[in-house]
Amino acid sequence: MKTKNLTEGRLDNRVSLSFRLGVMVSLALVVVGLALVAIAGAKDIEPTPPLSQLLEGILKLDAAAIITLGILTLLLTPVAQVIVALVTFSIDRDKLYLGVCITLLCVLAFSLVLALI
Amino acid sequence: MTRRHFKRIDLLLSPMLLCPVVTLAEVNLWVLGGTGLVAGLLGSTLGVGGGVFIVPMLTLALHLPIHIAIGSSLVAIVATSCTAAGIYTKNRLTNVKLGLLLETATTPGAIVGAFIVTLLASSALSALFGVILIYVAYTMITRQSVGAEDNPSQHSPAKHDNASTDPSNWLASSYYDQNLGRQVTYKVSHVPQGLGAGFLAGGLSSLLGIGGGIVQVPIMNLVMGLPMKPTIATSSFMIAITATVGALIHYYHGNVYPTMVAPLIIGVVIGARLGTELAQRARGILLRRVFGVFLSITAVLMFCRAASII
């Protein structure tokens, strides 16, 4: 651990913290949602509600909406890592890895757009 | 893209084709949670997603429609890899720079693979991949030493200090090995070959519908010379990014069912926490051999798929 340089250590700390934070928030929402399902009793299993109805569902304490928010938090956590790394490399003026992060974000956005159209 | 391709995508993605309505009373949430726990344990210990285990379990044991199984599996894979990557990175096992660099090759490979999927006979490809997996599994099980983890003579902090000024070692790193009780320094070799192999790995994962970890772990360990523990940690970090794209696509197409996925996520997070503890305490060579056995089982599944048995 001691031999890792300061920049690497800082990067590791930030990436690790945001991973753990993302998983913790997501898990908390999923547990609350599942508890609400248990209270409400068994019903049909339905897909995730549309994003436009998500906020309304959360305010009404709808179990599916709360779990969906947890799932979305989880799915956005890895993307957040790339952004955290990008900010860290930008502060450290590491042009090579700044380029790697920008390329990766572009590739991810491209593959997502390609798959959805 | 051919009509057959669209048909396959429709079958996979369209919730309209679903099936009988599934009620929560019909699905045993404890079995879902247990499935997640085993998948999380397996995935985080070996640096793979665990989809190889989750999808058959959900379709064969719980009789869920395939598109729900795949959508749920991808979310569970993201949960496994995020949990594992968070812990591994905190303990300085993940080579974040290498992971980011390899991802730039793996993701375009996956896009290309998705486009050429209809041009190749999937059964022949599965059989060929099965043969390659057997060879890689044999190499991983029989090879005595890879990198510095099993060879104390390679441990030299001075080497790492020099590495920071040597452009050829810019991905070199170090970690504390709990099993060996000492700091292990390692270099990353054959980076261009690793990037090329990463591109192929991404393509293969699209062509065969397998997770990237099965291909990435042998590449990083056998080709690039990373010790097994940073390999597993870096693979988990990479899978988190790769699987997210697939999971978001399935989410968009309405294939993620929140109340079905919830127990899976809880099980996976618990399993992944246990798995990371196991992996950090185990000997590198043992992890490599267990991974070899896992590859052999996957190879058998590939042969079964080639023969249309599953």
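Chain letters run A, B, ... following the sequence lines, proteins first and then strands; every chain starts at 1. Source: prediction; values computed, not measured.
Interatomic distance, B/Ile241 CD1 to A/Leu104 CG, rounded to the nearest 0.5 Å: 5.5 Å. The line from NZ of B/Lys97 to CG of A/Leu96 is 8.0 Å long, rounded to the nearest 0.5 Å. In this structure, CZ in A/Phe110 is found 5.5 Å from CD1 in B/Ile111, a value given to the nearest 0.5 Å.
Of the atoms belonging to A/Leu17, not a single heavy atom falls under 4.5 Å from chain B. Contacts of A/Leu74 with chain B are made by both backbone and side-chain atoms, with heavy-atom separations under 4.5 Å. With a threshold of 4.5 angstrom between heavy atoms, A/Leu51 approaches chain B through side-chain atoms but not through N, CA, C or O. In this structure, chain B has a heavy atom under 4.5 Å from the side chain of A/Leu34, while its backbone stays farther away. Only the side chain of A/Val79 comes within contact range of chain B, with at least one heavy atom under 4.5 Å from a heavy atom of that chain. Residue contact with chain B, scored on non-hydrogen atoms closer than 4.5 Å, involves the side chain of A/Cys101 exclusively. Residue contact with chain B, scored on non-hydrogen atoms closer than 4.5 Å, involves the side chain of A/Leu11 exclusively. With a threshold of 4.5 angstrom between heavy atoms, B/Val75 approaches chain A through its backbone and through its side chain. Heavy atoms of B/Val256 lying under 4.5 Å from chain A belong to its backbone as well as its side chain. For a residue to count as touching a neighbouring chain, one of its non-hydrogen atoms must lie under 4.5 Å from one of that chain's; by this rule A/Ala63 does not touch chain B. Looking at B/Leu101, the atoms closer than 4.5 Å to chain A (heavy atoms on both sides) sit in the backbone and in the side chain alike.
The side-chain heavy atoms of A/Val107 and B/Thr104, taken from C-beta on, include no pair separated by under 4.5 Å. The shortest side-chain heavy-atom distance between B/Tyr251 and A/Thr68 falls under the 4.5 Å cut-off. With a 4.5 Å cut-off on side-chain heavy atoms, B/Val261 and A/Ile67 do not count as touching.
Among the candidates A/Leu72, A/Leu76, A/Thr103, the residue making the largest number of heavy-atom pairs closer than 4.5 Å to chain B is A/Leu72. Between chain A and the residues B/Ala110, B/Ala85, B/Ala243, the largest count of heavy-atom pairs under 4.5 Å involves B/Ala85. By number of non-hydrogen pairs under 4.5 angstrom with chain A, the leading residue of B/Ala240, B/Ala79, B/Cys82 is B/Cys82.
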query: Going through the distances and angles, do A/Asp12 and B/Thr94 end up as a side chain to side chain contact (heavy atoms under 4.5 Å, CB included)?
result: CA-CA 8 Å; A/Asp12 284 353; B/Thr94 310; 5.6 Å; no
CA sep, side-chain torsions, deciding dist, call: B/Ile265, A/Ile71, side chain to side chain contact (heavy atoms under 4.5 Å, CB included): CA-CA 9 Å; B/Ile265 292 178; A/Ile71 292 170; 4.0 Å; yes
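Heavy-atom contacts from other residues, nucleotides or ligands closer than 6.0 Å to CZ of B/Arg273 number 12 or fewer.
The two residues A/Ser16 and B/Gly86 make their nearest non-hydrogen contact at OG-O, 3.3 Å. Closest non-hydrogen pair, A/Pro47 versus B/Pro258, comes out as C-CD, 3.7 Å.
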